[in-house]
Amino acid sequence: QVQLVESGGGLAQAGGSLRLSCVASGRTFSYYAMGWFRQGPGKEREFVAWINRSGDSLYYVDAVKGRFTISRDNAKNTVYLQMNSLKPEDTAVYYCAATNRLFTARARHEYDYWGQGTQVTVSS
């Protein structure tokens, strides 16, 4: 079992920045690739970003490329999502998730463990 706890959400103005953190406990963090998803009001949960076990392979949804950066610190059992140039459409609950799969995972069913989410609200 892996427990995931997100933090760092809050209110930001358009053009501003936030950094989300997700701390893992339980099984060895470096065994898992990690992803960030988000669910906006009235929308389905969607993939945002993925990082492999060692942190040297990344993948982003087009909507956040150039604005968001996913990273991880295996010594701290933590994955991050740095969000810059925020837009109102980035408003959502953001979830981190862990997967055993070796290759890029973009679908919800490919993830084994989920956090409870952290709210991000971007005002215009």
Side-chain angles (χ1 to χ4, degrees):
Q1 286 282 353
V2 175
Q3 293 78 42
L4 302 171
V5 179
E6 302 96 336
S7 62
L11 179 64
Q13 291 188 333
S17 299
L18 286 172
R19 188 176 83 153
L20 306 183
S21 300
C22 172
V23 179
S25 60
R27 303 185 71 177
T28 304
F29 180 64
S30 59
Y31 287 173
Y32 296 89
M34 300 296 294
W36 284 96
F37 286 73
R38 65 186 181 186
Q39 187 166 11
K43 298 182 180 180
E44 296 288 320
R45 192 174 301 186
E46 64 176 359
F47 168 80
V48 175
W50 170 89
I51 187 168
N52 71 344
R53 297 174 177 183
S54 59
D56 58 2
S57 183
L58 314 174
Y59 188 88
Y60 300 94
V61 70
D62 285 347
V64 308
K65 282 181 181 176
R67 300 189 299 122
F68 290 11
T69 302
I70 188 171
S71 62
R72 67 188 295 161
D73 185 339
N74 286 344
K76 295 183 178 180
N77 291 349
T78 303
V79 62
Y80 304 96
L81 187 68
Q82 177 67 45
M83 306 186 294
N84 298 330
S85 302
L86 284 163
K87 303 176 181 180
E89 51 263 43
D90 295 320
T91 295
V93 178
Y94 283 72
Y95 300 88
C96 69
T99 176
N100 280 310
R101 289 161 176 80
L102 296 177
F103 301 106
T104 309
R106 291 173 284 176
R108 291 174 59 182
H109 68 84
E110 295 181 292
Y111 286 81
D112 306 292
Y113 303 101
W114 292 83
Q116 293 300 305
T118 185
Q119 176 70 48
V120 170
T121 303
V122 184
S123 62
S124 57

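Values in this document were obtained by computation on a predicted structure and should not be read as measured data. Residue numbers start at 1 and run along the sequence shown. The figures that follow rest on heavy atoms only: side chains count, while hydrogens, waters and symmetry mates do not.
- For Arg45, the salt bridge (charged side-chain N to carboxylate O under 4.0 Å, His left out) criterion is met by no residue, not counting sequence neighbours.
- Here the side chain of Thr99 pairs no donor or acceptor atom with the backbone of Asp112 at under 3.5 angstrom.
- Without hydrogens or angle criteria, Asn52 side chain to Asp56 main chain gives a donor-acceptor distance under 3.5 Å.
- Atom CZ of Phe68 is separated from atom CG of Leu58 by 14.5 Å, given to the nearest 0.5 angstrom.
- When side chains are defined from C-beta on, Arg19 counts as touching Tyr80, because their heavy atoms get closer than 4.5 Å.
- Phe103 belongs to a hydrophobic cluster whose other members, connected by ILVMFWY side-chain contacts under 4.5 Å either directly or through intermediates, are Leu102.
- Counting only distance, with no hydrogens or angles, the side chain of Arg38 and the backbone of Val120 share no donor-acceptor pair below 3.5 Å.
- Scored by the side chain to side chain donor-acceptor pair (under 3.5 Å) test, Ser17 finds Asn84 as partners (sequence neighbours excluded).
- Side-chain N or O atoms of Thr78 include one that pairs as donor or acceptor with a backbone N or O of Lys76 at under 3.5 Å.
- Sorted by first and then second residue, the disulfide (SG to SG under 2.5 Å) pairs with a member in residues 6-96 read Cys22-Cys96; sequence neighbours excluded.
- Remark: the backbone N or O of Gly9 is paired with a side-chain donor or acceptor of Thr118 at under 3.5 angstrom.
- Proximity of a side-chain donor or acceptor of Gln82 to a complementary backbone N or O of Ile70 within less than 3.5 Å is not detected.
- Using modelled atom types, no side-chain atom of Ser30 and backbone atom of Asn74 make a donor-acceptor pair closer than 3.5 Å.
- A side-chain N or O of Tyr59 and one of Arg106 form a donor-acceptor pair less than 3.5 Å apart.
- Remark: Lys87 does not engage Asp90 in a salt bridge, criterion side-chain N to carboxylate O under 4.0 Å.
- Side-chain heavy-atom separations under 4.5 angstrom define the hydrophobic clusters, and Leu11 shares its cluster with no other residue.
- A donor-acceptor pair under 3.5 Å is absent between the side-chain atoms of Glu110 and the main chain of Ala105, judged by distance alone.
- Under the ring pair (Phe, Tyr, Trp, His ring centres under 6.0 Å) criterion, Phe37 pairs with Phe47, Tyr111, Trp114, sequence neighbours left out.
- Looking at every heavy atom in both residues, Ala14 comes nearest to Ser124 through CB-CA, 4.3 Å.
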